[in-house]
Peer 1: 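Just dropping this structure here.
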Amino acid sequence: MLQIFNTLTRKKEKFEPVTPGIVHMYVCGPTVYNYIHIGNARSAIAFDTVRRYLEYRGYKVKYVSNFTDVDDKMINAARENHTTVGAIADKYIAAFMQDTAALNISSDVIHPRATENIPEIIDFVKTLVDNGSAYNVDGDVYFRARKFPSYGALPHINVDQLEIGASQHVSQEEMAKKEDPIDFALWKKSKGDEISWESPWGKGRPGWHIECSVMSTKYLGKTIDIHGGGEDLIFPHHENERAQSEAKTHQTFVKYWMHNGFVTIGDDNEKMSKSLGNFITVHDLLKHLDGQVIRLLMSTTHYRRPIQYSDASVQEAKSNLKKLQTAFNNLTYRLHNAESGDDPKTDQEVRQIVADFTDAMDDDFNVQNGIAAVYELAKFANTYSERSVVFQLSIQFIINTLKQLAGIFGIKLEQSELKDDEIWKLIHERESARKNKDFIRSDEIREELKARGIVLEDTPQGTRFRKEQQ
RNA sequence: GGCGGUAUAGCCAAGUGGUAAGGCAGAGGUCUGCAAAACCUUCAUCGUCGGUUCGAAUCCGAUUACCGCCUCCA
C-alpha cells in the first residue's frame with residue numbers, strides 16, 4: 001500500500017487518487033529570469049522520481065509544471081538586458097529544457113506559461129471579486145484571506161500570530177492599500193510602461209499565486225491528487241493557492257500536498273537560493289559534471305530531507321553511479337557466455353529484492369531503503385556474473401530489473417559500444433600478446449587504451465572493456 | 001515573538017520497545033602474469049541530562065546546537 005506524507009495533515013496517508021489508476025499532479029516550476037540552480041533541480045528531480053515510481057506502480061500520470069514568466073524579477077531582468085520579458089522567458093525556458101533533459105527528467109510534462117493564460121486568470125479573479133472573496137483597490141485586486149475559514153491550515157499557522165512584515169518584502173504602499181495585512185494580490189496594477197494586459201480593473205498583470213490555481217484547475221481539474229513544490233512554498237504560495245481555488249470552486253483543491261526539502265551549501269548548511277546569491281546553476285555544473293551524477297545524488301535523498309551539496313556528496317554519487325554501471329556492464333558482458341535457459345532460484349532471489357524495493361518506496365518514497373535494495377541487486381548481479389555457469393534468461397532478467405529500478409531514480413543504464421575498428425584491433429592484438437605471454441606489449445596496449453578512456457579488464461571469459469567516465 | 005524540522009561511525013544515512021540496514025572513504029584478504037572489476041572480512045551504542053520499562057536510538061520530561069518558514073524563493 002502506497003502512503004504519502006501530506007503536508008496538510010502532517011501524516012502519512014494511504015494514496016488513493018480521485019480517479020482510480022490516474023494521477024493528476026502539479027509541481028510549481030521556476031520563475032524564468034535566470035538559469036535554474038540545483039535547488040530548483042532538486043525539486044524537479046524529487047517529483048520526477050515520484051512520478052516515475054507512480055508509473056512503475058501502474059498509474060497513468062498527467063503532470064503539469066508551470067513557468068512563471070511575468071513578475072517583478074522578469075520585468076527587472078528585461079530592463080537590465082534591454083530586452084522584453086518574453087525574450088527573457090524564451091531564453092531561460094529553452095535553457096530549462098536543456099538542463100532538465102541532462103538530468104533525465106521526463107519530458108512528458110505540460111508546461112503552461114502564465115502569460116499564455118491571461119484570459120483564464122482574469123476570469124478566475126473576476127469570479128472571486130464577484131463572490132466577495134476579493135476586492136479592487138484602485139486597480140489592484142486583493143484576496144480577503146481572513147474570510148477563508150481555514151486560512152492557515154496548510155502551513156499550520158495561526159493568522160493572528162503572524163509577525164507582519166517579518167520577511168521585509170512588502171512595501172509600505174501595499175500595506176496601506178490592503179484591508180488586512182495578510183491579504184494578498186491577485187492582480188497588480190501596471191506601473192507605467194511595464195508589461196500589462198487590459199482587465200476589468202484596468203491595465204495590470206497577475207499576482208504570483210493566481211497563475212498556479214488557474215493552470216492547475218484548467219489542465220487537471222478542480223481537485224487534483226498531488227501538488228508539489230519546495231517547502232518554502234508552503235506559506236504563503238500554496239496556502240494562497242488553496243484559499244483562492246477553494247473560494248472559487250468550493251471543492252478540495254488538492255488531496256496530497258507534498259513538499260521537498262532544500263539544497264544546502266557551505267559549512268553552515270545554508271539554504272541555497274537566488275536571493276542569497278549562494279547558488280550553483282545546473283547550466284554551469286553540467287560543464288564539468290555528468291548530469292547522471294547530480295540525478296543520482298538528488299533522487300536517492302528522501303524528498304523531505306535537506307541535501308547537503310558538497311564535493312563529498314558529489315564524489316559519493318559518482319562512486320555509486322559507477323557501481324550501478326559496472327554491475328550492468330558485468331552482466332551484459334556475461335550474457336555472451338551464458339547457457340540457454342534460466343535458473344528459477346536466481347529469479348526468485350531477484351523477485352525478493354524487488355519486493356523489498358517496493359515495500360520501501362511505498363512508504364512515502366523511502367528512497368534510501370529503495371536504493372539499498374538496488375545496491376543489493378547490483379551486488380547480487382556481480383556475484384552471479386562471476387559464476388562459472390550462468391543462464392541467459394536469468395541474466396537478462398537481472399539486467400532488465402536493474403535497468404528498471406535504476407530508471408525510477410532517473411539513472412539510464414546502457415551498454416557502451418566500441419565502434420572504432422582500430423581499438424578493436426588493439427584489443428585483439430593484446431589478446432594474442434597475452435597468449436604468448438608478451439606482457440610488455442599487452443600492458444602497453446592497455447595503457448594506451450586507458451589514455452583514450454577505455455579500460456580493459458581480463459576475466460575468465462575473456463577481455464572486456466568499459467569506457468571510463470569523466 | 002509564533003510555527004516547524006534535524007541531531008545515529010571520518011562522511012551520507014536506515015531504523016518508532018528487544019541487544020544498531022545500506023552506501024562513500026579507510027584497513028586486511030581472495031582472485032589476477034600484473035592490473036582492473038568483483039567478492040569476503042573489518043570499522044558506532046545512537047546531541048546532553050533525567051524518567052518510564054525486564055529491556056529504549058526508538059516512549060515521556062528537560063536541555064543544547066544547527067537549519068527553515070512567518071507574503072522574493074524549489
Peer 1: When you get a sec, tell me which of B/rC69, B/rC72, B/rA37 is the closest nucleotide to the side chain of A/Lys271?
Peer 2: B/rC69
Peer 1: In whole angstroms, how far is the P atom of B/rA14 from the OH atom of A/Tyr303?
Peer 2: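 Computing the A/Tyr303:OH to B/rA14:P distance gives 13 Å.
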Peer 1: Describe the nucleic acid contact of A/Arg446 in one word from base, sugar-phosphate, nothing, applying a heavy-atom distance below 4.0 Å.
Peer 2: base
Peer 1: Among B/rC73, B/rC70, B/rC72, which is the nearest nucleotide to the side chain of A/Asp232?
Peer 2: B/rC73
Peer 1: What interatomic distance, in whole Å, is found between C1' of B/rC31 and the corresponding atom of B/rA9?
Peer 2: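 Straight-line distance between the two C1' atoms is 30 Å.
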Peer 1: Mind checking A/Tyr375 for me? I need base, sugar-phosphate or nothing, with any heavy atom below 4.0 Å counting as a touch.
Peer 2: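 Touches sugar-phosphate only.
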Peer 1: How many whole angstroms separate atom NE2 of A/His302 from atom P of B/rU6?
Peer 2: 10 Å
Peer 1: Ignoring hydrogens and geometry, is there a side-chain-to-backbone donor-acceptor pair from A/Arg334 to A/Arg387 under 3.5 Å?
Peer 2: yes
Peer 1: Check RNA chain B against residues 257-265 of chain A and give the residues with a non-hydrogen atom under 4.0 Å, in numerical order.
Peer 2: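 Those residues whose heavy atoms fall under 4.0 Å from RNA chain B, taken from residues 257-265 of chain A in numerical order, are A/Asn260, A/Gly261, A/Phe262, A/Val263.
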Peer 1: For A/Asp364 and A/Phe5, indicate whether the former's side chain and the latter's backbone hold a donor-acceptor pair under 3.5 Å.
Peer 2: yes
Peer 1: Grab the CZ-C1' distance between A/Phe439 and B/rG33 for me, whole Å please.
Peer 2: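 The answer, rounded to whole Å, is 4 Å.
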Peer 1: Could you check whether the rings of A/Tyr303 and A/Phe47 sit parallel, tilted or perpendicular, using 30° and 60° as the cut-offs?
Peer 2: tilted
Peer 1: Would you classify A/Asp458 as touching base, sugar-phosphate or nothing, given that sugar-phosphate means primed atoms plus P, OP1 and OP2, and contacts are heavy atoms under 4.0 Å?
Peer 2: base
Peer 1: Mind calculating the distance between CD1 (A/Ile234) and P (B/rC69) to the nearest angstrom?
Peer 2: 11 Å
Peer 1: Between A/Lys274 and A/Arg304, name the one whose nearest nucleotide on RNA chain B is closer to the 5' end.
Peer 2: A/Arg304
Peer 1: Sequence neighbours left out, what passes side-chain hydrogen bond (donor to acceptor under 3.5 Å, both in side chains) with A/Arg452? Give chain and number order.
Peer 2: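 side-chain hydrogen bond (donor to acceptor under 3.5 Å, both in side chains) list for A/Arg452, sorted by chain: A/Glu422, A/Glu448.
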Peer 1: How is A/Gly39 classified with respect to the nucleic acid when contacts are heavy atoms under 4.0 Å: base, sugar-phosphate, or nothing?
Peer 2: base
Peer 1: Distance check needed: B/rC39 C1' versus A/Arg387 CZ, whole Å only.
Peer 2: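 Distance, rounded to whole Å: 13 Å.
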Peer 1: Any carboxylate oxygen within less than 4.0 angstrom of a Lys/Arg side-chain nitrogen, looking at A/Lys379 and A/Glu376?
Peer 2: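 No.
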Peer 1: Calculate the interatomic distance between A/Asn278 atom CG and B/rC73 atom P; express it in whole Å.
Peer 2: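 Roughly 16 Å, once rounded to whole Å.
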Peer 1: Nearest of B/rG68, B/rC39, B/rC72 to any side-chain atom of A/Thr383?
Peer 2: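 The answer is B/rC39, which lies nearest to the side chain.
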Peer 1: Run the salt-bridge test on A/Asp71 and A/Lys188 with the 4.0 Å N-O cut-off and return the result as yes or no.
Peer 2: no
Peer 1: Identify which nucleotide among B/rA14, B/rG33, B/rC72 has an atom closest to any side-chain atom of A/Asn366, counting heavy atoms from C-beta outward.
Peer 2: B/rA14
Peer 1: Can you check the A/Arg464 CZ to B/rA36 P distance for me, whole Å?
Peer 2: 13 Å
Peer 1: For the P atoms, the ones on B/rC11 and on B/rA25, what distance do you get once it is rounded to whole angstrom?
Peer 2: 16 Å
Peer 1: Starting at the 5' end of nucleotides 8-13 of chain B, put B wherever the base has a protein heavy atom under 4.0 Å, S where only the sugar-phosphate does, and a dash everywhere else.
Peer 2: ----BS
